[in-house]
Amino acid sequence: MDNKDILSLAGDPRFISAIYNYCDRWCERCMFTSRCLNYEMGQEEDDDPEARDLNNEKFWEKLHSIFQQTISMLEEMLKEQGIDPDSLDMEAAEEENHRRRAEAEAHELSRAAREYREMVDNWFKSEQSLFEQKEDDLNTRLKFGIDGNEPYAEAVGITDKVDVIRWYQPQIYVKLMRALTSEYWDDKIEEKDAIQTDSNGSAKVALIGIDRSIGAWGEMRNYLPDKEDRILTILLHLDRLRRKVEQFFPEAREFVRPGFDELEVMENNRVY
Ligand code: SF4
């Protein structure tokens, strides 16, 4: 795909502008795949299995061609906006970025999100044998027809909740870091919309990840009643993080994510 193809795809009204900027990147579970440019471009890559093979020469050739397309798109964009890339004080901008990142890393929100990430890793590591026991137990009940289909439903339920927890576990931290680092740049924009900022959008995605993780842990508590105490500790930590994010980004939940938060409007206007 060359940059003309990318630009013509980008102008296709089928796609919702920038929908992929404030989603959770869980494409397998997304209801907007047919309206997402990012997904469409990814599919084109996936059509060719060789292009995904890290050891395949074609992969590196493709990467080189993407690099060239990106550079020429960047040049076109800078020209359009009348920006001379050589006039930018790259060193100062780089220093500022480092400083912002270090500040965000030290912030109580990112520290709490990192702590959550570690708590979850430790929990899964220490409870590995419990999951094995649970699997044996469910298989035995299925084999002897105890409780009908219930063991099957329970196995599906547990797998589903583990998937949710594992999906959002690293993402909460990543999105909060983005919210904290963007906040500084958002503040510099004159005449900005106070709610539709990148920091609010990123914080909202983190909050959605937290909400869904809380729901999944709540269900895990029912599946694994013997582990209630440790699960409650994790839940309390997450809930505290949720409240702190809401305090620090009080308008985040009002941010309207392209597509996801416009469903009602789109349905009323019969956009799709
Ligand atoms: S909007 Fe949906 S399809 Fe597009 S990148 Fe996000 S999760 Fe994937």
Side-chain angles (χ1 to χ4, degrees), residues 1-3 5-49 51-52 54 59 62-63 65-67 69-70 73-74 77 113 116-117 120 156 159-182 186 193 195-216 238 242 245 249 252-272:
M1 192 189 287
D2 60 24
N3 37 343
D5 292 333
I6 296 173
L7 287 172
S8 88
L9 265 183
D12 188 330
R14 190 165 41 114
F15 299 120
I16 299 171
S17 175
I19 187 171
Y20 43 80
N21 280 342
Y22 303 105
C23 68
D24 62 10
R25 295 291 170 126
W26 203 345
C27 304
E28 281 169 35
R29 297 200 174 196
C30 181
M31 57 181 149
F32 283 107
T33 48
S34 63
R35 311 212 52 207
C36 173
L37 173 63
N38 193 62
Y39 183 82
E40 174 87 11
M41 288 170 64
Q43 284 305 101
E44 295 218 359
E45 312 288 313
D46 284 349
D47 285 345
D48 182 355
R52 282 178 284 142
L54 273 171
F59 172 87
K62 197 167 188 88
L63 202 60
S65 128
I66 292 170
F67 159 76
Q69 288 161 22
T70 311
M73 275 184 71
L74 198 61
M77 199 185 80
Y116 171 69
R117 200 177 58 184
V120 176
V156 172
T159 307
D160 202 41
K161 302 309 164 294
V162 170
D163 284 351
V164 170
I165 290 167
R166 286 302 211 180
W167 188 264
Y168 294 108
Q169 178 195 354
Q171 198 176 86
I172 294 169
Y173 166 73
V174 171
K175 291 294 172 185
L176 284 177
M177 278 295 289
R178 177 162 171 154
L180 291 165
T181 44
S182 314
D186 286 343
D193 178 329
I195 294 173
Q196 291 303 108
T197 58
D198 186 61
S199 46
N200 276 337
S202 306
K204 181 165 188 176
V205 180
L207 280 168
I208 290 170
I210 294 172
D211 294 348
R212 291 180 180 171
S213 303
I214 287 178
L238 258 187
R242 177 184 66 81
V245 176
F249 296 104
R253 290 219 189 249
E254 286 172 58
F255 181 92
V256 178
R257 292 169 305 149
F260 296 97
D261 296 329
E262 295 171 325
L263 260 182
E264 212 175 300
V265 177
M266 288 159 74
E267 273 165 2
N268 289 341
N269 293 333
R270 295 179 183 279
V271 172
Y272 75 116

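Order of appearance sets the numbers: ligands from 1, and atoms from 1 within every ligand.
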*Asks:* Locate the shortest heavy-atom distance separating Ala203 from Ala179; write the atom from each residue and the value.
*Replies:* N-CB, 3.7 Å
*Asks:* Does the pair Glu262/Arg257 count as a salt bridge with the N-to-O cut at 4.0 Å?
*Replies:*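 Arg257 and Glu262: not salt-bridged.
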*Asks:* Number the atoms of ligand 1 from 1 as they appear, then name those within less than 4.0 Å of a heavy atom of Trp26, with their elements.
*Replies:*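 Checking each atom against Trp26, I get 7 (S).
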*Asks:* Which is it for Cys23 and Arg25 under the side chain to side chain contact (heavy atoms under 4.5 Å, CB included) test, yes or no, and what are the steps along the way?
*Replies:* CA-CA 6 Å; Cys23 68; Arg25 295 291 170 126; 3.8 Å; yes
*Asks:* Report the residues that fulfil side-chain hydrogen bond (donor to acceptor under 3.5 Å, both in side chains) with Lys204, sequence neighbours left out, ordered by chain and then residue number.
*Replies:* Asp261
*Asks:* Can you count the protein N, O or S atoms that lie less than 2.8 Å from atom 4 (Fe) of ligand 1?
*Replies:*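 Every protein N, O or S atom under 2.8 Å from atom 4 (Fe) of ligand 1 counted, the figure is 1.
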*Asks:* Which heavy-atom pair separates Ser182 from Asp198 by the least distance, and what is that distance?
*Replies:*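 In terms of heavy atoms, the two residues are closest at OG-OD2, 2.6 Å.
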*Asks:* Quick one: do Arg29 and Asp160 make a salt bridge, cutoff under 4.0 Å?
*Replies:*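 Yes.
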